[in-house]
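Data block below; observations after.
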Amino acid sequence: MIPSDVKATLSFSDGSPAMDLPIYKGTMGPDVLDIRKLYATTDKFTYDTGFLSTAACQSAITYIDGDKGELLYRGYPIEQLAVKCDYLETCYLLLNGELPNAAQKADFDNRVTQHTMVHEQMQFFLRGFRRDAHPMAVLTGLVGGMSAFYHDSIDINNPVHRHIAAIRLIAKMPTLVSMAYKYTVGQPYIYPHNDLSYAANFMRMMFATPTSEYKPNDVLVRAMDRIFILHADHEQNASTSTVRLCGSSGTNPFAAIAAGVACLWGPSHGGANEAALNMLEDIQRNGGVEKIGEFIAQVKDKNSHVKLMGFGHRVYKNYDPRAKLMRETCYEVLNELGLQNDPLFKLAMALEKIALEDDYFVSRKLYPNVDFYSGIVQRAIGIPVPLFTAIFALARTVGWIAQLNEMIADPEYKIGRPRQLYIGATRRDVPPLAQR
Ligand code: SDX
């Protein structure tokens, strides 16, 4: 943090003593007002539910410019990473701050590959779930359960433990997600194959069976790897903030990541890709493109509580750069599969066009976000809709770990403990039961 030569002074109309608030600058983005001494000095809290104007930390990992629609991982534009790198290179970058050279890439890939299997006992966790359990319920349990297996890497303050836990989580998420899927369809689990790439290995564990091998299609594997890259990290979003707050208590990394999985499940966050595809299928079932006008009218009617899922974003007030890349990936995958005329993709593009010309969305700066097209790509690849968010969690695991490790390594970090504006009953005595 660089002290700004601009000062902010907080003054009160009741003559209470004014207070200078230091301002700090980052390398890019908005400056911050340092209010850490506000309560001790003024006996007042700030009030910012939803954290619309609050920087909860300093970070060097991901930068978003919502007005420009810009996303950088460690300074590299997502548009370049998605084309020039693979997901494991992106993991190395997010964890270490620099892209790997050839030797570092080979070593990192090998480390991850050597940790793709999970303990044989983990399969017995799944038996406790109903077969129709949502994969995110299963994944939350499996990731949390990892802390019961890896006692040699749960001291969050030990950098060696943090590194081992990072490799294990990145390596094992594809195995756990595919196990969660196989369990719901009643098929046996498929073990990882160490001679396959990260994305190809995941797709084989998803789609192979003991009776028929799965030959990964290079275009689909590249699309899956790109989906992982686009979802890898995204600044201080709800699930990342959950991981940071959870980890700030000193709990083990597996428990903190499990908390992130649980938060991501929500339809306003990572659950939006599942909700967006279900929305498109509903419109398609009820008449398709001809019914878009009716649906948009419903969205504009506040009483309907219907949202255009996959649209809008707390930070992006321009097109989410990931949505543009996801739409390109849509074209590539649908062309490869001969599904150029996929009705759902055509419906999504028609819906996007109408929304982007409608003042309701334009005035509120509501643009497609990463979730608007990701469901169509995953459905075309053969991923079942309820698994979309689990794949988002698989990809985001590296971001959560990088952010958690950055927090723990920050000498200024403390356990997170927000306060409140109390609006409840003032002190009163308990009346005897007969008088209640
Ligand atoms: C992700 O934070 C991240 O970085 C998240 C993420 C990541 O990578 O981690 O990018 C991943 O979660 C993407 C977002 C996925 N969610 C959805 O697609 C669900 C639909 N979107 C909305 O729920 C909403 O846009 C949010 C939750 C994403 C953002 O909500 P905000 O910033 O709190 O904005 P808001 O709800 O205050 O909306 C402002 C206005 C409101 O109308 P008015 O009160 O001004 O009349 O816009 C309206 C909202 O009603 N609005 C929508 C809308 N999103 C906002 N109206 C219709 N459809 C929508 N999708």
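Remember, it's 1-based here, ligands and their atoms both numbered in the order they're listed. These numbers come from the heavy atoms of this one structure, side chains and all, not from hydrogens, waters or symmetry mates.
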Quick one: does [atom] have a protein heavy atom under 4.0 Å from it?
{"atom": "atom 15 (C) of ligand 1", "result": "yes"}
{"atom": "atom 2 (O) of ligand 1", "result": "yes"}
{"atom": "atom 39 (C) of ligand 1", "result": "no"}

Give the residue, atom name and distance (to 0.1 Å) of the protein heavy atom nearest [atom].
{"atom": "atom 9 (O) of ligand 1", "result": "Arg396 NH1, 2.8 Å"}
{"atom": "atom 4 (O) of ligand 1", "result": "His234 ND1, 2.6 Å"}
{"atom": "atom 10 (O) of ligand 1", "result": "His313 NE2, 2.6 Å"}
{"atom": "atom 17 (C) of ligand 1", "result": "Ala272 CB, 3.4 Å"}
{"atom": "atom 47 (O) of ligand 1", "result": "Arg364 CD, 3.5 Å"}
{"atom": "atom 29 (C) of ligand 1", "result": "Arg314 N, 3.8 Å"}
{"atom": "atom 13 (C) of ligand 1", "result": "Asp371 OD2, 3.4 Å"}
{"atom": "atom 36 (O) of ligand 1", "result": "Lys307 NZ, 4.2 Å"}

- [ ] Verify the distance criterion only: is there a donor paired with an acceptor across the side chains of Gln104 and Glu98 at less than 3.5 Å?
- [x] no
Open item on the list: Ignoring hydrogens and geometry beyond distance, is a side-chain donor-acceptor pair present between Ser59 and Glu406 at under 3.5 Å?
Closed with: yes
Open item on the list: So which atom in Ser248 and which in Gly416 form the shortest heavy-atom distance, rounded to 0.1 Å?
Closed with: OG-N, 3.0 Å
Task: Heavy-atom pair with the smallest gap, counting every atom of Ala393 and Leu139 - done: CB-CD2, 3.9 Å
Is the closest heavy-atom distance from [X] to ligand 1 below 4.0 Å?
{"X": "His231", "result": "no"}
{"X": "Lys302", "result": "yes"}
{"X": "Phe372", "result": "no"}

Task: Electrostatic pair Lys324-Glu328, nearest N-O below 4.0 angstrom - done: no
Open item on the list: Looking at Asp67 and Lys317, is there a salt bridge between them, counting it only when a charged N and a carboxylate O are closer than 4.0 Å?
Closed with: no
Below 6.0 angstrom between ring centroids: does that apply to [X] and [Y]?
{"X": "Tyr367", "Y": "Phe311", "result": "no"}
{"X": "Tyr183", "Y": "Phe129", "result": "no"}
{"X": "His231", "Y": "Tyr87", "result": "no"}
{"X": "His313", "Y": "His234", "result": "yes"}
{"X": "Tyr331", "Y": "Phe345", "result": "yes"}

Task: From CG (Leu88) to CG (Asp225), nearest 0.5 Å - done: 7.5 Å
Task: Option set Asp233, Ile296, Leu308, criterion heavy-atom distance to atom 59 (C) of ligand 1, minimum - done: Leu308
Open item on the list: Considering Leu52, Asp320, Leu366 one by one, which has a heavy atom nearer to atom 55 (C) of ligand 1 than any of the others?
Closed with: Leu366
- [ ] Check each atom of ligand 1 against the heavy atoms of Pro267 and keep those under 4.0 Å away; list them by number with element.
- [x] 19 (C)
Task: Atoms in ligand 1 with a heavy atom of Gly310 nearer than 4.0 Å - done: 17 (C), 18 (O)
TODO: Of the side chain and backbone of Lys365, name the one, both, or neither that has a heavy atom under 4.0 Å from an atom of ligand 1.
DONE: neither
TODO: Measure from NZ or CZ of Lys44 to the centre of the six-membered ring of Phe12 and say whether it is under 6.0 Å with the direction within 45° of the ring axis.
DONE: yes
Task: Heteroatom proximity flag, Lys317 to ligand 1, N/O under 3.5 Å - done: no
- [ ] Output yes when the distance from some N or O of ligand 1 to some N or O of Phe311 is under 3.5 Å, and no in every other case.
- [x] yes
